[in-house]
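Data block below; observations after.
Just so we're on the same page: letters track the sequence lines, and every chain starts at 1.
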Amino acid sequence: MARRIASVAAGAWLLLALPATTLAAPPPQALTPEHRQRLHDLLVQDCGSCHGLRMTGGLGPRLTPETLAGKDRESLEATVLHGRPGTAMPPWQGLLDQREVAWMIDQLLQGVEP
Amino acid sequence: MKPRLVPLLPLSLALLLALMLSACAQSPALRATGDLGIIVERGSGSLLLVEHSHQRRLARIEGLGDLSHASVVFSRDQRYAYVFGRDGGLTKVDLLRQRIDRRVVQGGNSIGGAISQDGRLIAVGNYEPGGLRVFDSDTLEPVADIPAPLLDTAAGVDSKRSRAVGVVDAPGQRFLFSLFDTGEIWSVDMTEPASPEISRYHDIGRQPYDALLTSDGRYYLAGLFGEDGMALLDLWQPEAGVERVLHHYGRGDQRLPVYKMPHLEGWTVAGDSAYVPAVGRHQVLVLDRNNWQQTDAIEVAGQPVFVMARPDARQIWVNFAHPDNHLVQVIDTRSHRIIDTLEPGPGVLHMEFTPRGEQVWLSVRDAGEVQVWDPYRLTRMATLPAEKPSGIFFTSRAHEIGL
């Protein structure tokens with residue numbers, strides 16, 4: 001990437017558009033669309049079985065953008081990875097990695113459509 | 001004589017035609033409902049009306065709101081289905097006209113319900129506001145409101161009142177339910193709908209998550225999530241109180257994380273044994289129905305969700321929580337052996353047997369289909385497309401106590 005930017009600096013006009021898209025494109029470790037679809041389905045169906053398909057709550061609490069607003073992101077991620085002992089919230093570590101959990105929290109903060 | 005016959009012929013032909021026409025016009029209205037069923041299409045908020053005699057779809061009925069975790073009971077004439085939706089919607093569906101008859105949004109978040117012994121009342125168990133609400137089954141007008149106890153505003157709980165689970169109807173015009181947050185069983189006598197008589201049982205165990213009634217209407221059994229065990233109420237002697245059974249069935253083993261709450265539904269009794277899902281373990285537990293002691297633990301492929309007996313009780317069918325929800329296992333009730341492990345497809349959510357057990361219907365959510373299996377040959381008989389199907393409910397439930 002550094003090289004391409006360097007070539008822009010070198011004044012290659014044609015390449016100017018290219019580095020722009022390259023920079024805006026997801027970083028190499030980003031989730032593929034299929035992967036995101038799978039996580040979305042998991043969020044709606046499996047998390048939804050406790051939190052509601054529309055995240056409006058059930059056995060687990062409401063997880064809508066309004067209720068999550070202002071909550072510490074890291075602790076939300078930790079809740080998903082490690083669960084909350086003594087409650088029905090299970091740990092997802094082993095089934096989901098940090099990156100996947102971070103993506104799911106993003107979705108929750110934005111609002112999830114089933 | 002002869003010339004007279006001639007004009008008669010066209011007349012009788014016309015008459016015959018008219019008769020045939022009127023028969024045609026009438027026949028669609030003439031049908032029975034004993035072989036019908038409802039399949040919940042979770043997410044799209046619709047229902048499929050199906051018929052198990054010919055394994056076919058008859059209609060799709062739309063506009064039922066949030067149907068995650070939806071369940072269904074039927075009127076005693078098997079004409080109407082009452083659908084309990086997650087969003088607090090209570091919808092009465094006319095199976096003959098294939099459309100919604102009435103719909104009310106009675107609460108914020110509900111989990112299931114029951115129809116009374118006399119068929120006149122519908123009870124809905126709510127998470128929000130926690131408690132039981134009772135409605136007239138004809139009009140869906142409210143009849144009684146039975147709020148659950150208030151909670152201290154504990155972290156993580158939105159509901160201000162204890163959440164109601166495991167609602168069933170019981171003999172003597174009663175509804176029974178359990179309270180998740182406060183660990184209680186309530187038995188409500190609705191003989192006088194305007195003044196329900198409530199019996200409360202406290203300290204039944206931590207976090208009852210679902211319950212069932214034995215098909216004879218005698219025992220109410222609540223599964224506990226917060227501890228290993230179940231709570232049992234004998235309705236022949238309610239004064240004896242609630243007894244703890246299957247106490248500490250895990251015997252100290254580390255419990256696995258629970259990704260989906262098991263369900264207790266359709267009493268699974270075969271001979272002297274009862275079969276229930278173990279919470280957080282890859283086991284189906286077997287109890288002696290006479291003394292409620294555990295007699296066996298059958299190792300299965302994952303955490304069981306539904307444990308359902310074939311109507312002749314010779315087989316038990318089990319489906320599983322994520323990540324094993326693509327499997328179904330069949331247990332032989334004499335040997336307690338797994339006789340087959342089926343792989344119907346991704347996301348097997350529910351199973352329903354036809355009343356005499358020659359078919360079992362499976363909803364395979366992520367494949368977008370409902371499969372009909374022959375439980376005697378263990379082969380697939382038919383496949384019907386459906387939108388993210390979950391619960392399957394046949395009208396034969398109308399005549400089962402507790403369903």
Taking atom CG as the centre, does Asp203(B) end up with more than 12 heavy-atom neighbours from other residues, nucleotides or ligands that are less than 6.0 angstrom away?
no
Nearest 0.5 Å, please: how far is CZ in Arg86(B) from CG in Leu53(A)?
7.5 Å
How many angstroms lie between CG in Leu42(A) and NE2 in His322(B), if you round to the nearest 0.5 Å?
5.0 Å
Can you say whether Tyr259(B) sits under 4.5 Å from chain A via the side chain, the backbone, both, or neither, judging by heavy atoms?
both
Measure the OG1-CD distance between Thr87(A) and Gln207(B) for me, rounded to the nearest 0.5 Å.
8.0 Å
Return the option, out of Lys388(B), Arg42(B), Arg206(B), Lys260(B), with the maximum number of heavy-atom pairs under 4.5 Å with chain A.
Arg42(B)
Looking only at Gly94(A), Ser49(A), Gly83(A), most heavy-atom pairs under 4.5 Å shared with chain B are made by Ser49(A)
Please find the pair of heavy atoms, one from Tyr127(B) and one from Leu59(A), that lie closest to each other, and give the distance.
CE1-N, 3.3 Å
